[in-house]
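Computed from heavy atoms alone, side chains included, the values below leave out hydrogens, waters and symmetry copies. In what follows, every chain begins at residue 1, and chains take the letters A, B, ... in the order their sequences are listed.
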There are 2 protein chains.
Amino acid sequence: MNSSTRVDEGEALWSSRSQRPLYEVKAGLFKGLAHPVRVRILEVLAHGDDVPVAQLLSETGLEASHLSQHLAVLKRHRLVASERRASQVYYRLAFAEVADLLAVARALLTEVLDAARTELAEADGLPALPAADATRS
Amino acid sequence: MNSSTRVDEGEALWSSRSQRPLYEVKAGLFKGLAHPVRVRILEVLAHGDDVPVAQLLSETGLEASHLSQHLAVLKRHRLVASERRASQVYYRLAFAEVADLLAVARALLTEVLDAARTELAEADGLPALPAADATRS
DNA sequence: ACGCGAGTTGATGAATTCATCAAGCCATCA
DNA sequence: TGATGGCTTGATGAATTCATCAACTCGCGT
């Protein structure tokens, strides 16, 4: 990756004057979502609002620092927001659209996986299976 | 393009029996989208259907092999499909949902960028600017 | 003030992804 | 058939992202 043009990581998505082409910004957004742990976190947040880190910790079974790093990435991308109340920190999606994005992604995935399954079946001359539903998660 | 430990890349999204947790698959999808060039390509494809490589080549100004590599990534993720007619190769989105995803991403981005802009303005005690519209691309 | 629990930050080596350059295929045309 | 345009594939070093550990900050109870 071209080092001179690099303006990323630190500012992640927005880059002050936003003179950056939108497709770069968009790619940055996807990069922020491009990790299993982060997707998991967002999905948990998409369900219950204002989730304490402790809960994320137990639901994901991750080590605190590891989880925290990913939360930091999500925060840099402004996909989540956090608030400290008493001794605990609570996280939530920064925008409802984040949940929308996950939903659309799931819809697309359903298509893709389904098509792939069908293709494989055809290739093997097998009948298509009843297709497991991807309604949840 | 390593080969030993790699379980990814080759199968990208679906992994045969799909016993892989959905959030991993989803992360894989986002990974496939996580690059400026690939976003650009998808946006071009989202507009005109059945685009010849030559057009992508000129619209992006990329070197042929570079473009091709990204097209290959998109194809592995099954986001695009290609077809060879005579001497040229044509690409198109594999599913309409891909365009949906891009659209939702743009909507989210609008929110994020807008919020960020507002925040910055407030921090500087400046009045919010008229906000450039991100309707296109 | 001291000790802790709850999280976050920093540093570092390992694993991935990128960009580039050199070859390699496939049609089409001379 | 040999040459060419139009793409794709492979290989490799450079740049990034990840996972892990250790150190550190913030509140709260004693």
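Of the two residues contacting DNA chain D, namely Ala54(B) and Val37(A), the nearest-nucleotide position lying further toward the 5' end is that of Ala54(B).
The nucleotide whose nearest atom lies closest to any side-chain atom of Ser68(A) is, among dT8(C), dC18(C), dG7(C), dT8(C). Residue Val53(B) places its side chain closer to dC7(D) than to any other of dT8(C), dC7(D), dC18(D).
In this structure, NZ of Lys75(A) is placed 6 Å from P of dT9(C), rounded to the nearest angstrom. Look at CD on Gln55(B): it is 21 Å from P on dG5(D), rounded to the nearest Å. Between the P atom of dG6(D) and the OH atom of Tyr91(B) lies a distance of 16 Å, rounded to the nearest Å. Atom pair Leu67(B):CG and dT8(D):C1' shows a separation of 11 Å (rounding to whole Å applied). Rounded to an integer number of Å, the gap from CZ of Phe30(A) to P of dT16(D) is 21 Å. His70(A) places its NE2 atom 17 Å from the P atom of dG10(C), with the value rounded to the nearest Å. Rounded to whole Å, atom C1' of dG7(C) lies 11 Å from atom CD of Gln88(A). Going from atom CD1 of Ile41(B) over to atom P of dT8(D) covers 10 Å, rounded to whole Å.
Within 4.0 Å (heavy atoms only), Tyr90(B) reaches no atom of the nucleic acid at all.
At least one side-chain heavy atom of Phe30(A) sits less than 4.5 Å from a side-chain heavy atom of Leu102(B). For the pair Arg92(A)/Val80(A), no side-chain contact is recorded, criterion being any heavy-atom separation below 4.5 Å from C-beta on. Under the 4.5 Å side-chain criterion, counting only non-hydrogen atoms from C-beta, Tyr91(A) is in contact with Leu45(A). Between Val25(A) and Val112(B), every side-chain heavy-atom pair lies at or beyond the 4.5 Å cut-off.
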Pair Glu43(B)-Lys26(A), salt bridge (Lys or Arg N to Asp or Glu O under 4.0 Å): steps then yes or no: CA-CA 11 Å; Glu43(B) 288 183 333; Lys26(A) 217 178 277 185; 2.4 Å; yes
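No cation-pi contact links Arg84(B) to Tyr90(B), judged by a cut-off of 6.0 Å to the six-membered ring centre and 45° from its axis.
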Tell me, for nucleotides 21-30 of chain C in 5' to 3' order, what letter each nucleotide earns: B for a base near a protein heavy atom under 4.0 Å, S for only sugar-phosphate near one, - for neither? BB-----S--
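Classification of the His35(A)-His70(A) ring pair by plane angle, with boundaries at 30° and 60°, yields tilted.
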